[in-house]
Amino acid sequence: MKTAGGSGRTLDRAASAPVVVNQTKQAIIAVMQQLDSPVSSIELQKIWAEHKDLRIFEYHLSTLVRAKVVEVAYGPELHFHLVGRA
């Protein structure tokens, strides 16, 4: 749906919001590309250079799933893989 914004510009309301990519998300994607196999949040935490709380990885992975950058790979443990690399 196209609407006029406060500045008079036409805005596309159907367009999705941009994904905010920070250094942690970029690093997670880089690690996943290097490993080229599904990875769990626990595995990411174990290989990370500095200690980060597990919830940080779970948060970033969930936002990457919503952005359709990674997908959930089910198994005995919840794993994630990059879209198109199953």
Side-chain angles (χ1 to χ4, degrees):
M1 166 195 310
K2 300 237 182 219
T3 60
S7 65
R9 292 180 295 168
T10 301
L11 306 172
D12 186 356
R13 295 285 182 197
S16 61
V19 176
V20 177
V21 179
N22 63 22
Q23 291 178 343
T24 303
K25 282 185 180 69
Q26 290 174 335
I28 288 172
I29 292 167
V31 167
M32 292 177 77
Q33 288 171 331
Q34 287 278 323
L35 295 174
D36 198 28
S37 64
V39 63
S40 71
S41 55
I42 294 170
E43 291 168 326
L44 284 172
Q45 184 188 38
K46 286 179 182 176
I47 63 173
W48 216 255
E50 71 274 358
H51 177 74
K52 287 187 183 274
D53 191 293
L54 183 61
R55 291 175 292 187
I56 291 171
F57 296 101
E58 292 169 347
Y59 166 77
H60 287 297
L61 286 166
S62 69
T63 60
L64 289 168
V65 167
R66 284 195 301 272
K68 298 182 180 169
V69 174
V70 301
E71 297 174 323
V72 176
Y74 295 99
E77 198 175 65
L78 195 60
H79 283 74
F80 301 85
H81 63 83
L82 294 170
V83 171
R85 289 189 174 212

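In terms of heavy atoms, Leu64 sits closest to Lys25 at CD2-CD, 4.1 Å. The minimum heavy-atom distance between Met32 and Leu61, with the atom names listed, is SD-CD2, 4.3 Å. Shortest non-hydrogen contact noted between Ile28 and Phe57 is CD1-CD2, 4.1 Å.
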For this session: Under the side chain to side chain contact (heavy atoms under 4.5 Å, CB included) rule, what do Val39 and Ile47 come out as? Steps first, then yes or no, please.
Result: CA-CA 11 Å; Val39 63; Ile47 63 173; 5.6 Å; no
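Linking Ile, Leu, Val, Met, Phe, Trp and Tyr whenever their side-chain heavy atoms come within less than 4.5 Å leaves Leu54 and Leu44 in two separate clusters. Both Ile29 and Val72 are members of a single hydrophobic cluster when ILVMFWY side chains are connected at heavy-atom separations under 4.5 Å. Linking ILVMFWY residues whenever their side-chain heavy atoms come closer than 4.5 Å, directly or via other members, leaves Tyr74 and Ile42 in distinct clusters. In the hydrophobic cluster analysis, where Ile, Leu, Val, Met, Phe, Trp and Tyr join through side-chain heavy atoms closer than 4.5 angstrom, Trp48 is grouped together with Leu35. Hydrophobic clustering of Ile, Leu, Val, Met, Phe, Trp and Tyr side chains at less than 4.5 Å, counting indirect connections, unites Val65 with Val31.
For Phe80, the ring pair (Phe, Tyr, Trp, His ring centres under 6.0 Å) criterion is met by no residue, not counting sequence neighbours. A search for side-chain contact (heavy atoms from CB on, under 4.5 Å) contacts involving Ala73 returns Pro38, His79, His81, not counting sequence neighbours.
Remark: side-chain polar atoms of Gln45 are paired, donor with acceptor, to backbone N or O of Lys52 under 3.5 angstrom.
Separating the CD atom in Gln26 from the NE2 atom in His60 is a distance of 11.0 Å, to the nearest 0.5 Å.
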